[in-house]
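Step one of this worksheet: look at the structure below.
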Amino acid sequence: MAGAGPSLTEQVLASVERIPPGKVMSYSDVAEYVGSRAARNVGRILATEGGSVPWHRVVRQDGSCAEHLRDEQLARLRAEGVAIRGQRVDMARARWNGR
DNA sequence: TTTCTGACACTAG
DNA sequence: CCTAGTGCCAGAA
């Protein structure tokens with residue numbers, strides 16, 4: 001395995017940790033940010049090692065989230081000052097592009 | 001090896 | 001606004 005640079009998992013985790021409070025990133029945004037196009041990979045990584053990163057700051061491109069997380073997701077984001085619109089996040093307001 | 005499933009995205013109706 | 005179908009990558013049986 002070697003080595004050639006950080007693994008996709010490491011890059012994803014690092015990107016998620018880099019997201020500031022009050023902001024969110026979509027799965028595909030993170031995927032593209034690390035050089036991948038499979039948003040599913042990001043979700044899979046967070047499901048496996050997301051326990052060490054603010055996974056709640058990662059939502060779908062449309063601002064919604066998975067049902068088993070919807071409750072925790074919205075609750076945490078709302079507590080951080082993220083604009084919530086009913087059951088979805090106001091991406092136009094909380095979306096973070098890495099800058 | 002094949003098949004299924006999953007913290008997703010996109011297009012069409 | 002909603003549902004259905006298809007593509008993507010990776011791991012488990």
Side-chain angles (χ1 to χ4, degrees):
Chain A
M1 7 199 319
S7 299
L8 182 64
T9 308
E10 293 295 314
Q11 293 181 78
V12 170
L13 293 175
S15 299
V16 175
E17 286 190 79
R18 189 174 150 82
I19 302 173
K23 292 282 175 184
V24 298
M25 242 176 136
S26 67
Y27 291 97
S28 65
D29 279 4
V30 175
E32 207 168 307
Y33 193 81
V34 303
S36 182
R37 354 155 148 196
R40 280 195 162 223
N41 278 11
V42 179
R44 201 187 70 74
I45 289 164
L46 290 177
T48 305
E49 320 219 18
S52 295
V53 295
W55 54 269
H56 57 262
R57 285 183 199 148
V58 185
V59 295
R60 286 190 175 174
Q61 185 65 300
D62 61 345
S64 65
C65 45
E67 238 180 285
H68 39 270
L69 301 175
R70 185 161 58 61
D71 173 48
E72 192 78 48
Q73 249 307 8
L74 297 177
R76 285 179 176 242
L77 293 174
R78 198 157 142 85
E80 292 189 345
V82 175
I84 305 296
R85 186 52 168 136
Q87 255 182 3
R88 288 187 189 116
V89 178
D90 189 344
M91 296 301 284
R93 280 276 220 182
R95 194 177 189 185
W96 185 67
N97 36 310
R99 273 175 295 104

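Sequence lines set the chain letters: A, B, ... in the order given, protein chains first and strands last, and positions in each chain run from 1. For clarity, every value in this text was computed on a predicted model and none was experimentally measured.
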Open item on the list: Could you tell me how far apart Arg70(A) (CZ) and dA7(B) (P) are, to the nearest whole angstrom?
Closed with: 15 Å

Open item on the list: Considering every strand and a 4.0 Å limit on heavy-atom distances, what is the contact class for Arg37(A): base, sugar-phosphate, or nothing?
Closed with: nothing

Open item on the list: Closest approach to the side chain of Ala39(A), judged atom by atom: which nucleotide of dA7(B), dC8(B), dA10(C) is it?
Closed with: dC8(B)

Task: Gap in Å between the two P atoms, one belonging to dC4(B) and one to dG5(C), rounded - done: 15 Å

- [ ] Answer with yes or no whether Arg40(A) presents, from its side chain, a donor or acceptor under 3.5 Å of a partner atom in the base of dG6(B).
- [x] yes

Task: Separation of atom CZ in Arg57(A) from atom P in dA7(B), rounded to whole Å - done: 22 Å

Open item on the list: Output the rounded distance in Å from CD (Gln87(A)) to C1' (dC2(C)).
Closed with: 14 Å

Task: Gap between atoms CD and P, on Gln11(A) and dA10(C) respectively (whole Å) - done: 13 Å

Open item on the list: Any carboxylate oxygen within less than 4.0 angstrom of a Lys/Arg side-chain nitrogen, looking at Arg95(A) and Asp90(A)?
Closed with: no

Task: Spatial distance of atom CH2 (Trp96(A)) from atom OG (Ser26(A)) [nearest 0.5 Å] - done: 12.0 Å

Task: Ionic contact status for Glu72(A) with Arg76(A), cut-off 4.0 Å - done: yes

TODO: Among the candidates dC8(B), dC9(C), dA7(B), find the nucleotide nearest to the side-chain atoms of Ala38(A).
DONE: dC9(C)

TODO: Considering only NZ, NE, NH1 and NH2 on the basic side and carboxylate oxygens on the acidic side, decide whether Lys23(A) and Glu80(A) come within less than 4.0 Å.
DONE: no

Open item on the list: Of the listed nucleotides (dC8(B), dA7(B), dG11(C)), which one gets closest to any side-chain atom of Arg44(A)?
Closed with: dG11(C)

Task: Among dA9(B), dA7(B), dA10(C), the nucleotide that comes nearest once only the side chain of Leu46(A) is considered - done: dA7(B)

Task: Separation of dG6(B) C1' from Tyr27(A) OH (nearest whole Å) - done: 11 Å

Open item on the list: Base, sugar-phosphate or nothing for Arg88(A)? Non-hydrogen atoms, less than 4.0 Å.
Closed with: sugar-phosphate

Task: Heavy-atom closest pair, residues Arg18(A) and Gly98(A) - done: NH2-O, 3.5 Å

Task: Protein-nucleotide distance (Glu32(A), atom CD; dC10(B), atom C1'), rounded to Å - done: 14 Å

Task: Distance, rounded to the nearest Å, where Glu67(A) contributes CD and dG6(B) contributes P - done: 13 Å

- [ ] Check the distance between dA10(C)'s C1' and Leu8(A)'s CG and give it to me in whole angstrom.
- [x] 10 Å

